[in-house]
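Below: one structure, written as structure tokens.
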Number of protein chains: 2
Amino acid sequence: MSPTLDKRDIDILFAIAEQQTPSTEAIHQSTGIPKSTVHYRLQSLKDDGVLTNDLYELDREKLGLEITVISEIRAEYGEGYHERIGKQLGEVEGINQVYFTMGDTDFIIIARLSSRDDVEELIGKFESIDGVERSSSKFAISTIKENVSVSNLQDYTKEKLLDAQDASDSDGTE
Amino acid sequence: MSPTLDKRDIDILFAIAEQQTPSTEAIHQSTGIPKSTVHYRLQSLKDDGVLTNDLYELDREKLGLEITVISEIRAEYGEGYHERIGKQLGEVEGINQVYFTMGDTDFIIIARLSSRDDVEELIGKFESIDGVERSSSKFAISTIKENVSVSNLQDYTKEKLLDAQDASDSDGTE
DNA sequence: TATGAAATCAGGGGGCT
DNA sequence: AGCCCCCTGATTTCATA
């Protein structure tokens, strides 16, 4: 089932990462691989599901999502519990990442929000999920490294994002 | 300084997220906003730094990076420490995200690796960074939700990724 | 599968509203 | 700012090895 990428595939993927663009032309220029071959390989990578979608990277501070919350969640144990709870966590507005872990916590989630009120709301939301026992949250003072693409927008409603814009307009960040 | 996105900008961004493509044409079709206006708005979003780069989303399991490690790191306190340590953490091979937090830990990092050996190596690496006191790591059994783009490749060497491919070839995943 | 050449189509710019 | 229209050039297809 493994796609088994060879050196050429990896070269192409790195070229995309380095030049920050998936353009056939750019890949061709930096790797020397003929344009149509690049095209051919890219097609295979997409078919194999290695590359999924082509989306822009997004600056979430600029979107007004300036607060990063990292929460550890402990949940009741039972048949199919993780799956259901994990799924529900993923649906909570603002949650960008959900990891199911082993050890003393069951889930670790990372959320991006625009206000203190949102944080309270977030915690309220996941504590109200059936099976969630308790949670412990931390703020990230700063995000030193993280890549996120536009698809994360689907974690929010348009309304929230518009509110977030208004908020950052009036808070002197102008 | 805030870019102040209006409803139209948000609509365009959501269109990209929903259709999983940043194509001017696709955005035009789904929003009804004229092509050249879409073009104009996209340009502004790029100029403002809201949209950074256009990169593919990547399936890291398929790349052979099947292990997710989440580590909490405690570091010595001092002038400019976080900045330096955070930067060094970001440079460790395999680390995809670095958050600087408040509370009982100083950094939370998330790494993607391909083998047990890599995990040991990873922990060795960040514990050897000057100023790092101790760390506690968890494995994610599964990643329920997460978006990542090709730029994450820069967290690895080509060699590692090729090795990862070999490993998944011979482990019966074929 | 890989490639060169040819055809197609989307992206980007000029200028008017 | 918004938008129509045209042109350029990148993407994709096709035929061949």
Side-chain angles (χ1 to χ4, degrees), chain A residues 1-58 62-63 149-151 158 161-162 165-166 168-169 174, chain B residues 1-58 62-63 149-150 158 161-162 165-166 169 174:
Chain A
M1 192 248 104
S2 295
T4 310
L5 315 181
D6 62 13
K7 183 168 181 312
R8 221 169 190 186
D9 291 313
I10 304 278
D11 281 345
I12 290 173
L13 292 176
F14 266 83
I16 298 173
E18 276 156 20
Q19 306 196 119
Q20 307 274 295
T21 165
S23 131
T24 317
E25 181 65 34
I27 300 168
H28 156 67
Q29 297 225 345
S30 64
T31 58
I33 301 170
K35 273 170 19 162
S36 45
T37 306
V38 171
H39 178 64
Y40 176 80
R41 288 283 186 148
L42 278 179
Q43 199 53 53
S44 307
L45 288 168
K46 288 178 198 170
D47 291 346
D48 292 343
V50 175
L51 290 173
T52 52
N53 302 294
D54 57 314
L55 294 168
Y56 287 105
E57 299 261 19
L58 200 60
K62 296 248 166 83
L63 264 181
S149 74
V150 185
S151 57
K158 289 186 183 179
L161 293 179
L162 282 168
Q165 287 299 311
D166 294 343
S168 58
D169 285 351
E174 174 69 27
Chain B
M1 193 247 100
S2 294
T4 310
L5 314 181
D6 62 14
K7 182 167 182 311
R8 221 169 191 185
D9 291 314
I10 304 277
D11 282 344
I12 290 173
L13 292 175
F14 267 82
I16 298 174
E18 277 155 20
Q19 306 198 122
Q20 307 274 294
T21 165
S23 129
T24 316
E25 181 65 34
I27 300 169
H28 156 66
Q29 297 226 346
S30 66
T31 58
I33 301 169
K35 257 169 47 154
S36 42
T37 306
V38 171
H39 178 62
Y40 175 79
R41 289 283 185 147
L42 278 179
Q43 200 54 53
S44 307
L45 288 168
K46 288 177 199 172
D47 291 345
D48 292 342
V50 176
L51 291 173
T52 52
N53 303 294
D54 58 315
L55 293 169
Y56 288 104
E57 299 260 18
L58 199 62
K62 297 248 166 84
L63 264 181
S149 75
V150 185
K158 290 187 183 180
L161 293 179
L162 282 168
Q165 287 299 312
D166 293 342
D169 285 351
E174 177 69 28

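Quantities reported herein were computed from a predicted structural model and do not represent experimental measurements. Here is how names work: the chains are called A, B, and so on, in the same order as the sequence lines, proteins then strands, and each is numbered from 1.
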Residue pair A:Leu51, A:Leu13: steps toward the side chain to side chain contact (heavy atoms under 4.5 Å, CB included) verdict: CA-CA 9 Å; A:Leu51 290 173; A:Leu13 292 176; 3.8 Å; yes
CA sep, side-chain torsions, deciding dist, call: B:Leu55, A:Leu55, side chain to side chain contact (heavy atoms under 4.5 Å, CB included): CA-CA 6 Å; B:Leu55 293 169; A:Leu55 294 168; over 6 Å; no
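Of the side-chain N and O atoms in B:Arg8, one or more sit less than 4.0 angstrom from OP1 or OP2 of D:dG2.
Using a 4.0 Å cut-off between a side-chain N of Lys or Arg and a carboxylate O of Asp or Glu, B:Arg41 and B:Asp48 do not qualify as a salt bridge. Electrostatic pairing of B:Lys158 and A:Asp11 counts as a salt bridge here, judged by a charged N lying under 4.0 Å from a carboxylate O.
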Watson-Crick and G-U pairing of DNA chain D written in dot-bracket, each distance under 3.5 angstrom, with | for inter-strand partners: |||||||||||||||||
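Side-chain contact of A:Ser149 with A:Ser151: a donor-acceptor pair under 3.5 Å is present, judged by distance alone.
Taking every heavy atom of residues 24-47 of chain A and every atom of DNA chain C, pairs under 4.0 Å involve A:Pro34, A:Ser36, A:Thr37, A:Tyr40, A:Arg41, by number.
With sequence neighbours left out, B:Gln20 forms a side chain to side chain donor-acceptor pair (under 3.5 Å) with A:Asn53.
Distance CD1 (A:Ile16) to P (D:dT11): 11 Å, rounded to an integer number of Å.
Looking at every heavy atom in both residues, A:Ile27 comes nearest to A:Gln19 through N-NE2, 4.0 Å.
For A:Lys7, the NZ atom counts as loosely surrounded, since its 6.0 Å shell holds 12 or fewer non-hydrogen atoms of other residues, nucleotides or ligands.
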